[in-house]
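For ligands, and for the atoms within them, numbers begin at 1 and follow the listed sequence.
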Amino acid sequence: MGSVSMATPVQELATDGQDPSERYNYGGSGGGALNASVPLVEIPTVDVGSLISSPSAANHELQKLSLALSSWGCFQVVNHGMTDSFVDRVHEISKQFFDLPKEEKHRYIREPDSIEGYGTDMIVAENQTLDWIDRLYLTLNPPNQVQLKFWPEKPETFRETLQEYGVKLGELNQILLKAMAKSLDLEENCFLDQYGEGALMTARFNLYPPCPRPDQIIGVKPHADASALTFLLPDKEVGGLQFLKDNEWFTVPIIPHALLVNVGDQAEIMSNGEFKSPIHRAVVNSERKRISLAAPSIPHDGNEIEPVEGLVSEERPRLFRKMKYNGRTHLRYYQSGRRVVDDARI
Ligand SMILES: O=C(O)CCC(=O)C(=O)O
Ligand SMILES: [Fe+2]
């Protein structure tokens with residue numbers, strides 16, 4: 001892929017009162033308006049405290065997890081080990097960053113050909129429809145890949161709060177990948193072993209400003225995540241995240257202080273298709289901004305991912321070839337509605 005360029009932040013467009021350019025016109029969804037009413041549906045809830053407690057309580061929770069993974073491919077995580085006040089602090093730093101004056105935010109602007117930093121939907125093709133989104137993209141782990149120059153110094157608590165959030169997510173990622181293995185009667189480290197030491201965790205702070213044409217313009221196009229798991233801290237008040245199930249869109253309800261976790265393509269591959277990496281999208285609205293923080297856990301650079309041995313048999317033939325995660329290929333595919341995982345499908 002060539003260089004990655006960017007447009008004017010949507011937040012700046014949204015305040016100058018002009019009609020958005022045609023470049024944002026995604027069109028309706030199957031002919032209908034994107035902001036048409038989409039039913040709310042309860043997504044399974046998983047209690048992490050129970051998962052790591054006594055074997056009997058854990059077994060019950062593992063069954064819930066297993067059902068969530070094979071049906072929706074996503075679940076709400078509660079009792080995740082972070083206090084409500086800590087989760088509120090994470091919401092707060094996200095909001096405070098996007099509320100900073102434009103000049104202050106521009107100190108962290110993405111460099112040409114870089115993914116990290118503050119910017120808009122990345123432009124990878126000339127005719128690309130732009131998403132109604134501004135992002136701050138930061139690497140949390142491994143430490144030697146953290147680029148501190150993109151980590152805001154304002155608000156003052158930004159860096160320490162995000163650092164702590166990254167540590168907590170790392171722990172949660174391990175607990176869940178182990179539980180996912182156990183839910184399939186596999187050795188608990190089988191996914192973590194492939195995923196590798198020094199695996200990546202990134203943070204995408206997403207801002208969706210109010211949009212004058214929410215019927216035609218989309219926040220994030222339909223896609224599946226290329227991660228192993230994605231940890232999403234959705235906006236506390238404004239909904240917009242939708243999942244596709246059996247060819248129908250459903251809106252995810254907001255559970256205060258819960259995290260929404262979804263399976264990504266890498267976990268679908270490692271589980272030989274037992275876990276579903278769901279298609280989802282974010283729609284926008286004309287009245288209120290929405291902020292979310294997505295943190296995908298991504299296998300270590302260079303690690304090859306493949307279905308674990310215990311899940312391949314004569315009855316369950318291997319569905320995927322070995323593959324390596326490549327962020328740039330994923331980005332290019334995302335914009336054209338393709339999935340890297342399909343290249344690995346046998
Ligand atoms: O903002 C959201 O709710 C979803 C964002 C998302 O799907 C992503 O960043 O991959
Ligand atoms: Fe996503």
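When each atom of ligand 1 is checked for a heavy atom of His280 under 4.0 Å away, the hits are 7 (O). Residue Ser292 approaches ligand 1 through these ligand atoms, each under 4.0 Å from one of its heavy atoms: 1 (O), 2 (C). Listed by atom number, the atoms of ligand 1 under 4.0 Å from Asn206 heavy atoms are 1 (O), 5 (C), 9 (O). For ligand 1 and Ala294, the ligand atoms under 4.0 Å from any heavy atom of the residue are 9 (O).
With hydrogens and angles left out, the side-chain atoms of Ser227 and Thr230 include a donor and acceptor closer than 3.5 Å.
Within Asp225, the N/O/S atom positioned nearest the Fe ion (ligand 2) carries the name OD1. Within His223, the N, O or S atom at minimum distance from the Fe ion (ligand 2) carries the name NE2.
Ile269 and Ala344 get closest at one heavy-atom pair: CD1-CB, 4.4 Å. Between Arg110 and Thr120 the shortest heavy-atom distance is NH1-O, 3.0 Å. The two residues Ile93 and Leu162 make their nearest non-hydrogen contact at CD1-N, 4.2 Å.
Below 30°, between 30° and 60°, or above 60°: for Trp72 and Phe250 the angle between ring planes is above 60°, a perpendicular geometry.
If you run side-chain hydrogen bond (donor to acceptor under 3.5 Å, both in side chains) between Tyr334 and each of Asp131, Asp121, Asp225, only Asp131 comes through. When Tyr108, Tyr165, Phe158, Tyr137 are each tested for a ring-ring contact (aromatic ring centres under 6.0 Å, His included) with Phe205, only one passes: Phe158.
Neither the backbone nor the side chain of Arg281 comes within 4.0 Å of ligand 1, counting heavy atoms alone. With a heavy-atom cut-off of 4.0 Å, Thr230 does not touch ligand 1 at all.
Ranking protein heavy atoms by distance to atom 3 (O) of ligand 1, first place goes to Arg290 NH2, 2.7 Å. Nearest non-hydrogen protein atom to atom 8 (C) of ligand 1 is Arg204 NH2, 3.1 Å. In terms of protein heavy-atom proximity, atom 5 (C) of ligand 1 is closest to Tyr208 OH, 3.6 Å.
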Is there a side chain to side chain contact (heavy atoms under 4.5 Å, CB included) between Val283 and Arg281? Walk through the geometry before answering. CA-CA 7 Å; Val283 297; Arg281 67 181 183 183; 3.9 Å; yes

